[in-house]
*Asks:* 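Below is one structure. I have some questions about it.
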Amino acid sequence: DFCLSRGLGDVYKRQDKEQIVVDSLNSVISNEKSHDTSVAAAYIVLSEKLYQTNFDTLKVLCEKAQFLAEEGLAKANSLEVKTSFKRSLASALNNLGYYCDNIGQIPNALSYYDKSLKIYQQLKDKKGTATSLNNLGFIYHQQRDYANALKAYNKSLKAREEVGDKYGIANSLSNIAGIYGDKGEFDKALDYSTMSLTIREEIDDNRGVATCLNNMAVLYERRGDTDRALENYYQALKIAKETGFKSAESVSYTHLTLPTI
């Protein structure tokens, strides 16, 4: 009982902190003295806070940020102001791409991601560039356009390596592994998954480790190596239980209870 109540207390604390951030962002937006660069940036952050509970807020708020940024860029003289507007515009376009992808408007999503990518490249923003490339790769992957997906994922990986973004590097490696797995090139898929797993272990990304182990188990299973598959499922299950990662726990349990063929 004590653990449960402590857990709920932590949840409420997090919710309180989130609400403070949301209130602060709304204050920036509603304050007539706020500069448009601050308002545009606030719209972006607010959209990323609220979209999980109301997905349409992502579109509404990012379109407002896009409008402010484009309008501001047309009349800005200062390099600092222009750069700020460009960053907000790139983020808004990327988020609108994500929105369109999730509602099935793929051509619009590709267009938004491509526009976002060009701005990030102008800004020499490697992290933003990597994100847009990764998102483009994801759409190509969904369309089974493996050649373009690999090209985008590899460029994203290179950008993340250049800035030392280990979490991003691990994700890129997993995405590349996913393509090789879909192509039936299981050895290559396992090589990339192993590299991803090593990095996730280094940075204590336990949820990522559990997900990676489950993915590798599927690859071993598809390659016909049942023993290695079971070993990975059990390892993933153990970590998922220890970290309370229910979705990975469910994946492991499902495969462990399925009859082996």
*Asks:* Test side chain to side chain contact (heavy atoms under 4.5 Å, CB included) on E231 and D227 and set out the steps.
*Replies:* CA-CA 6 Å; E231 182 185 327; D227 289 343; over 6 Å; no
*Asks:* Taking S88 for its side chain and F85 for its backbone only, find out whether a donor-acceptor pair lies under 3.5 Å.
*Replies:*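 Absent.
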*Asks:* Is there a path from I179 to L190 through hydrophobic residues (I, L, V, M, F, W, Y) whose side chains come within less than 4.5 Å of each other?
*Replies:*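 No: no chain of side-chain contacts under 4.5 Å links I179 to L190.
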*Asks:* Residues sharing V60's hydrophobic cluster, by side-chain heavy-atom contacts under 4.5 Å among ILVMFWY, directly or via others?
*Replies:*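 Other cluster members: none.
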*Asks:* Going by side chain to side chain donor-acceptor pair (under 3.5 Å), name the residues that satisfy it together with N134, two or more places apart in sequence or in a different chain.
*Replies:*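 For N134 the side chain to side chain donor-acceptor pair (under 3.5 Å) partners, ignoring immediate neighbours, are N175.
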*Asks:* Given 3.5 Å as the limit, does a donor-acceptor pair link the side chain of N31 with the main chain of S27, or not?
*Replies:*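 A pair under 3.5 Å: no.
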*Asks:* Could you tell me how the ring of H141 sits relative to the ring of Y153: parallel (under 30°), tilted (30 to 60°) or perpendicular (over 60°)?
*Replies:*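 Ring orientation, 0 to 90° scale: perpendicular.
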*Asks:* I need the full list of salt bridge (Lys or Arg N to Asp or Glu O under 4.0 Å) pairs touching residues 148-168, with sequence neighbours left out, sorted by first then second residue.
*Replies:*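 Sorted pair list: K126-E162, K158-E162, K166-E202.
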*Asks:* Answer yes if the side chains of S174 and R200 hold a donor-acceptor pair under 3.5 Å, and no otherwise.
*Replies:*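 On atom types as modelled, these side chains qualify, holding a pair under 3.5 Å.
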*Asks:* Please tell me whether L50 and V21 are part of a single hydrophobic cluster in this structure, the criterion being side-chain heavy atoms less than 4.5 Å apart.
*Replies:*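 Linked within one cluster.
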*Asks:* Looking only at non-hydrogen atoms, find the nearest pair between S116 and A90 and report the distance.
*Replies:*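 Closest pair (atom of S116, atom of A90, distance): OG-O, 2.9 Å.
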*Asks:* Please evaluate residues Y112 and S132 with respect to the criterion side chain to side chain contact (heavy atoms under 4.5 Å, CB included), reporting the C-alpha separation (whole Å), side-chain torsions for both, the decisive distance (0.1 Å), and the verdict.
*Replies:* CA-CA 9 Å; Y112 278 124; S132 291; over 6 Å; no
*Asks:* Can you find a pair of side-chain heavy atoms, one from K64 and one from I29, that are under 4.5 Å apart?
*Replies:*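 They are not in contact (no side-chain heavy atoms under 4.5 Å apart), so the answer is no.
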*Asks:* Is atom OH of Y146 surrounded by more than 12 heavy atoms (other residues, nucleotides or ligands) closer than 6.0 Å?
*Replies:*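 Buried by this count: over 12 neighbours within 6.0 Å.
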*Asks:* Quick one: salt bridge (Lys or Arg N to Asp or Glu O under 4.0 Å) partners of E70, sequence neighbours excluded?
*Replies:*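 Once residues adjacent in sequence are excluded, E70 has no partner under the salt bridge (Lys or Arg N to Asp or Glu O under 4.0 Å) criterion.
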*Asks:* Determine whether a donor-acceptor pair (N or O, by modelled atom type, separation under 3.5 Å) exists between the side chain of T211 and the backbone of R207.
*Replies:*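 Yes: the side chain of T211 pairs with the backbone of R207.
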*Asks:* Would you confirm whether S156, through its side chain, and A152, through its main-chain N or O, come within 3.5 Å as a donor-acceptor pair?
*Replies:*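 Here the side-chain-to-backbone pair does not exist.
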*Asks:* Which hydrophobic side chains are connected to L136, either touching it within the sub-4.5 Å cutoff or through other members that do?
*Replies:*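 Via sub-4.5 Å side-chain contacts, L136 links to Y51, F55, L58, Y98, Y99, I103, I106, L110, Y113, L117, L133, I139, Y140.
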*Asks:* Taking the side chain as everything from C-beta on, heavy atoms only, tell me whether E242 gets closer than 4.5 Å to N206.
*Replies:*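 No. Closest side-chain heavy atoms not under 4.5 Å.
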*Asks:* If you compare all heavy atoms of A170 against all heavy atoms of S196, which two are closest, and at what distance to 0.1 Å?
*Replies:*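 Heavy atoms only, the tightest pair is O-OG, 2.9 Å.
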*Asks:* How close do N108 and C100 get, counting heavy atoms only, and between which atoms?
*Replies:*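 Shortest heavy-atom contact: CB-SG, 3.8 Å.
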*Asks:* Between S34 (side chain) and V28 (backbone), is there a donor-acceptor pair under 3.5 Å?
*Replies:*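 Yes, because the side chain of S34 sits within donor-acceptor range (under 3.5 Å) of the backbone of V28.
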*Asks:* What donor-acceptor contacts under 3.5 angstrom involve side-chain atoms of residues 75-84, with partners at least two apart or in another chain?
*Replies:*
unit_1 : atom_1 : unit_2 : atom_2 : d
S78    : OG     : E80    : N      : 3.2
S78    : OG     : V81    : N      : 3.2
T83    : OG1    : L79    : O      : 2.8

*Asks:* Run the side chain to side chain contact (heavy atoms under 4.5 Å, CB included) test on V218 and N214 for me, step by step, so that the C-alpha distance in whole Å, both residues' side-chain angles and the decisive distance to 0.1 Å come before the verdict.
*Replies:* CA-CA 6 Å; V218 171; N214 272 329; 5.8 Å; no
*Asks:* Any side-chain heavy atom of L73 within less than 4.5 Å of one from L89?
*Replies:*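 Yes - at least one pair of side-chain heavy atoms lies under 4.5 Å apart.
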*Asks:* State, yes or no, whether a side-chain contact exists between R144 and D182 at a heavy-atom distance under 4.5 Å.
*Replies:*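 R144 vs D182: side chains apart.
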*Asks:* Would one find more than 12 heavy atoms of other residues, nucleotides or ligands at under 6.0 Å from atom CZ of F138?
*Replies:*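 Not more than 12 within 6.0 Å, no.
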*Asks:* Just by distance, no angles: are the side chains of Y233 and E221 close enough, under 3.5 Å, to form a donor-acceptor pair?
*Replies:*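 Short answer, yes.
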*Asks:* Donor-acceptor pair, distance only, cut-off 3.5 Å: does the side chain of T131 make one with the backbone of K127?
*Replies:*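 Checked: pair present.
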*Asks:* List the atom of I119, the atom of K86, and the distance in Å for their closest heavy-atom pair.
*Replies:*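 Heavy-atom minimum between the residues: CG2-O, 3.4 Å.
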